[in-house]
Structures are given as C-alpha cells and as structure tokens.
Amino acid sequence: MPAQIGVTGLAVMGANLARNFARNGYTVALHNRSVAKTDALLAAHGDEGDFIRTETLEELVANLESPRRVMIMVKAGGPVDSVIDQLVPLLDEGDIIIDGGNSHYTDTRRREAALAEKGLHFVGVGVSGGEEGALLGPSIMPGGSAESYKALGPLLEKISAKADDGTPCCAWISTDGAGHFVKMVHNGIEYADMQVIGEAYDLLRSAAGLEPAAQAEIFSQWNEGELSSFLIEITAEVLGHVDAATGKPLVDVIQDSAGQKGTGRWTVQSGLDMGSPVSAIAESVFARSLSSQREIRAVGQQVLAGETTEVTLPENFVEDVRQALFASKLVSYAQGLDMLTSAAGEYGWELKLDEIAGLWREGCIIRAALLKDIMAAYKGDAQPANLLFTPAFSEAIAKALPAWRRVVAIAVQLGIPAPVFSSSLAYYDGLRRDRLPAALTQGLRDFFGAHTYRRTDKEGTFHTLWSGDRTEIAAEDTH
Ligand code: NDP
C-alpha cells in the first residue's frame, strides 16, 4: 500500500511527527539523508504503525500516493532549499511539498512562488510543542494555498493537539508564508512569556527573599487561576527541582545566560520592518542577549554603582507581582496579535485572529487558559483595534494597574531589572495617553532635517524656517 505521507529528515522533530502520523493510522514513508537515523527510528518504534523504509528521495517519492505529500523536517535554511531542489524533478503537478521546520516566512514566500510556477504546492507549516508535542499532538499552523489544504489539512488536523471542546489545534492560516509567520509570532510571544516569568521570579527572590522551593508553591497556585498555562506549570517544576550533585535548587546551578535560536529576533526584526511596536518581545530578546554577555557583566559588577532606594514591600507583594505578570503578559499577546494584523495588511493575508488564538490553546508552548478569552475577543465582525481595548481585557488591566505600577516602581528603586514589566507598562501608558512627546520629536526632525510636521488645528504639512526668520510655510510632506 502506498504511503499517505513521506517524511524526510528524521532528527527529533521529524521522527516524532512521523511516529505521530503512523500512530494515527497513516502509512508513512521514511527518509533521512543518512540511513542510520531511519533505521534507528524503525528499530525503536517500527511497531507503532505502518512505516515504509526508503534510502533515497527517489524511493521515498515512489512510495507515495497521489497527490504526493512530502514533509521536509531538515535543518532550517540552506538544507531546505537543497532538499526541495532534489525533490522537484521527482514530483508531478499537484504534489505537495511541506516544510514543517522553523523557516523564515520570507523564505517560505520565495519557495512557494517558485514552486507554484512549476505547478507544485509548497506549504510552510509552523509546528509548535517541541519534541513531545510533535509526538503527542502539536499546535500546527499551515500556510500555502487553500487548495493544498484540502489534501493535506485532514492529516495535519488528525495529528494535532485538540482543544478541550475537541477542535483540532490546526487550521489553515492563509496563503504562502502565513503559517510560518504566525509560528514566528507565537515564538516571539513565547520569549516574552518566559521573560515576564523570569522577572516575577527575580522580584520575588531578590526583593522578597523567597527561595525557589517556596516560589515553586507560589507558581503552582498561580497556575490554578487566570495565569494558568504550560509555562507557569513548568516554572513550578523547574523551581522545585533540586540538583542531585550539589543539593542546591537546580536554578541556582544553571548558568544565567539564555540561548536563542532566532525566532524571537525574527519577530522583532519584522516588527521593526512593519512599524509594529512589539516592545515586550524586543525587550525579551535583548534581555537574553544581555544575559549572554557574561564577561561584560562581570566588569559591570565591579565598576558600576548600584545605589538603591530602601522600600517597604507592600503586604500583598506576591499578589502584586502576580498581577504585574498578568498585565505584562497581556501586553505581549496584544503586541503579537497587533503585528499579525499589520502583516495581514502587508501581505494580503486573511488572518482570523480568533482561530489563531484557538489553535494556540493546546499543543504549543504558549498554551494558556487566557487564549480562550483572546479567542472570544476576536470572535465576530467587530475586530478590536487592540486586544487591550476589549472590555474583558481593559477591565482586567484596570484591576491590575495599581499593583503593576507598584511593582515596576519597586523594581526600579531596588535596582532589579524588569525590562518587560516596565516597557509593557510604558506601552500601555503610551496607548492611552492624550499627547505624546512625539510632537517634540517631530519639531526636532523639522529643525535639523526639514522633515515637516502636521498641525493639530489645520490640514496640511508645514515647515518652520528654523535657520531663517522662523516663519512657518506650507510644505511638501516629507514624513
Ligand atoms: P535539526 O534542525 O537538528 O536538523 C537535523 C536534520 O536535518 C537531520 O535529519 C539531518 O540529516 C538533516 N539535514 C541537515 N542538513 C541537511 C542537508 N543539507 N540535506 C538533507 N538533510 C539535512 O532537526 P530538528 O528535528 O531539531 O528540527 C527540524 C526542524 O524543526 C528545524 O527547522 C527546527 O528549527 C524545527 N523545530 C524544532 C523544534 C525542536 O524542539 N527541536 C521545535 C519546533 C520546530 P542527517 O541525519 O543526515 O544529518
């Protein structure tokens, strides 16, 4: 019997997705550049379903039913292009190449356009949930043509995570690179989500002196309420874990420099390109960069003054921190979703934000109870201009606001860096402010670069003759 899907690239993610397809009743043709990985997978898990072992891409393609579905799970970047180039001559019109790796959406757009000219479908698919998710049910974000989804969607939906109402956490996102774009933003939000958790931990530790074991309890409790999410749950696990070698909390033994593979940085770069203020995500990426500058930080510790102000912590400081965490988290989701709206305009994608929030409910790293409310916020025709403007969230933030301000003030007074807590608050205040100092910025730009300005009291574009008699003239818009 021919296979319904072929998977090439059988490292962690590819192997687990292949197993997931097989466990769900599909026949899966397997291929890896080096045959050893194929054989290792078959030796360990060959009894989980119907697999077809192949040694070459020709063999892989020959074993697939039509239209052929070939999923590429190799290292992102050049290797994906290389595998595509090898596959193209082997495929027929209407066949589908799927890239399930973390490819940059601009690469996906380029590949999709090139393959469409050859009559092939190319589907960039965002897959979230890590190794375990790939095996047990990830959140899946497919782009590509609507037509390709008809042949591919049912398989992806079958292997995806399911929300508690039974809906698959997989839905067609929109054309070309939309799936990879949404996955990228998911990862950007994930960066911010982890950073705000880190800031809460640092404040509870450094300001309130709460040891990791005590904090494990606190995070467990938080996981019962509105913060309930996978990341809060595993924070309790990690903080509660004691290192066997030293008997210390493991978190005290782990070096304090955070790695990154690039999707957070891509999100911020896209935000910069589109003029979309993803400041919480940017601060999270930069916080990781700063953490990695260990040698520079060692010098900083020696030479930089650290005078702080004494503060008396409020009685409910732990609850204050929880609220600051919740409010900052909402801002990072709002910024990420806002960037999706910008991208939809830029690339002509019809992004349904309620559906996207819906497929993040299970399977992915940012899965959280909150996503149900976010889904509800974007249901129907009246799309809020910003997530924070919907009554449910504006009220939630209003409730958290006094605590959020207290926590940011305390962090500043005690010299505890809380870049996302504070920048999210600045974003929030910026959003609700009547007049921003951008008026002065524009005045300065006009002074040194004749960049012109608009007036609040009449239509048109103006320039002041700063180096002349300082009269104002009507001008061409050079904004
Ligand atoms: P890796 O990114 O580590 O890639 C290893 C695989 O790529 C191996 O199968 C390797 O073959 C193959 N490969 C590398 N170069 C080539 C090439 N030039 N030609 C053909 N095959 C090549 O694998 P992962 O499973 O970790 O990730 C796969 C994709 O999924 C990546 O895009 C990753 O970013 C993404 N992803 C990973 C997650 C994770 O948790 N690891 C989570 C979500 C997405 P060989 O065995 O012969 O060397």
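As the structure is a prediction and not an experimental result, all values here were calculated from the model. Atoms within a ligand are numbered from 1 in the order they appear, just like the ligands themselves.
Note on Lys118 versus Asp92: no salt bridge recorded, every NZ/NE/NH1/NH2 to OD/OE distance being 4.0 Å or above. Ionic pairing of Glu211 and Arg205 is present here: one or more N-O contacts between side-chain nitrogen and carboxylate oxygen are shorter than 4.0 angstrom. Salt-bridge check for Glu319 with Arg322: passed, with a basic side-chain N closer than 4.0 Å to an acidic carboxylate O. Salt bridge status for Asp165 with Arg361: present, with a side-chain N to carboxylate O gap under 4.0 Å.
Contact annotation for Thr8 and ligand 1: no heavy atom of the residue comes within less than 4.0 Å of the ligand. With a heavy-atom cut-off of 4.0 Å, Lys37 touches ligand 1 through its side chain alone. Only the backbone of Val127 comes within 4.0 Å of ligand 1, judged by heavy-atom distances.
Here the options are Arg110, His104, Arg109, the test is side chain to side chain donor-acceptor pair (under 3.5 Å), and the partner is Thr106; only His104 passes.
Ring to ring, Trp404 and Tyr428 are close: their centroids are under 6.0 angstrom apart.
Annotation: atom 37 (C) of ligand 1 to nearest protein heavy atom, Met13 CG, 3.3 Å. When only non-hydrogen protein atoms are considered, atom 48 (O) of ligand 1 lies nearest to Arg33 NH2, 2.9 Å. Atom 28 (C) of ligand 1 has Met73 O, 3.6 Å as its closest protein atom, hydrogens excluded (heavy atom only). The protein heavy-atom contact nearest to atom 47 (O) of ligand 1 is Ser34 OG, 2.9 Å. For atom 23 (O) of ligand 1, the nearest protein heavy atom (residue, atom name, distance) is Ala11 CB, 3.4 Å. Protein heavy atom at the shortest distance from atom 40 (O) of ligand 1 is Gly130 CA, 3.7 Å. With hydrogens left out, the protein atom closest to atom 3 (O) of ligand 1 is Lys75 NZ, 3.8 Å, a heavy atom. Of all protein heavy atoms, the one lying nearest to atom 29 (C) of ligand 1 is Gly101 CA, 3.7 Å.
Interface of Ala76 with ligand 1, defined as ligand atoms under 4.0 Å from a residue heavy atom, comprises 32 (O). Below 4.0 Å from some heavy atom of Val12 lie the following atoms of ligand 1, by number and element: 25 (O), 26 (O). Atoms of ligand 1 lying under 4.0 Å from any heavy atom of Leu10, numbered from 1 in the order shown and given with element: 9 (O). Ligand-side atoms of ligand 1 in range of Gly9: 9 (O), range being under 4.0 angstrom from any heavy atom. Listed by number with element, the atoms of ligand 1 under 4.0 Å from a non-hydrogen atom of Val83 are 20 (C).
Relative orientation of the Phe181 and Tyr105 rings is perpendicular, given thresholds of 30° and 60° on the angle between their planes.
Nearest heavy-atom pair, Ile218 versus Val318, reported as atom, atom and distance to 0.1 Å: CG2-CG1, 3.9 Å. Between Ile159 and Pro138 the shortest heavy-atom distance is O-CD, 3.3 Å.
Considering backbone and side-chain N/O of Asn32, one or more are found under 3.5 Å from N/O of ligand 1. Taking only nitrogen or oxygen atoms, main chain and side chain alike, Ser82 does not reach within less than 3.5 Å of ligand 1. Inclusion of Asn102 in the set of residues having an N or O under 3.5 Å from an N or O of ligand 1 is warranted.
Compare Leu57, Val35, Val74 by their heavy atoms: the one nearest to atom 13 (N) of ligand 1 is in Val74.
A cation-pi arrangement is present between Lys158 and Tyr26, with the terminal nitrogen or guanidinium carbon under 6.0 Å from the aromatic centre and inside a 45° cone about the axis.
Counted by atom type alone, Asp243 and Thr246 present one or more donor-acceptor pairs between their side chains at under 3.5 Å.
Counting heavy-atom neighbours within 6.0 Å of Glu132 CD, excluding the residue itself, gives a total of 12 or less.
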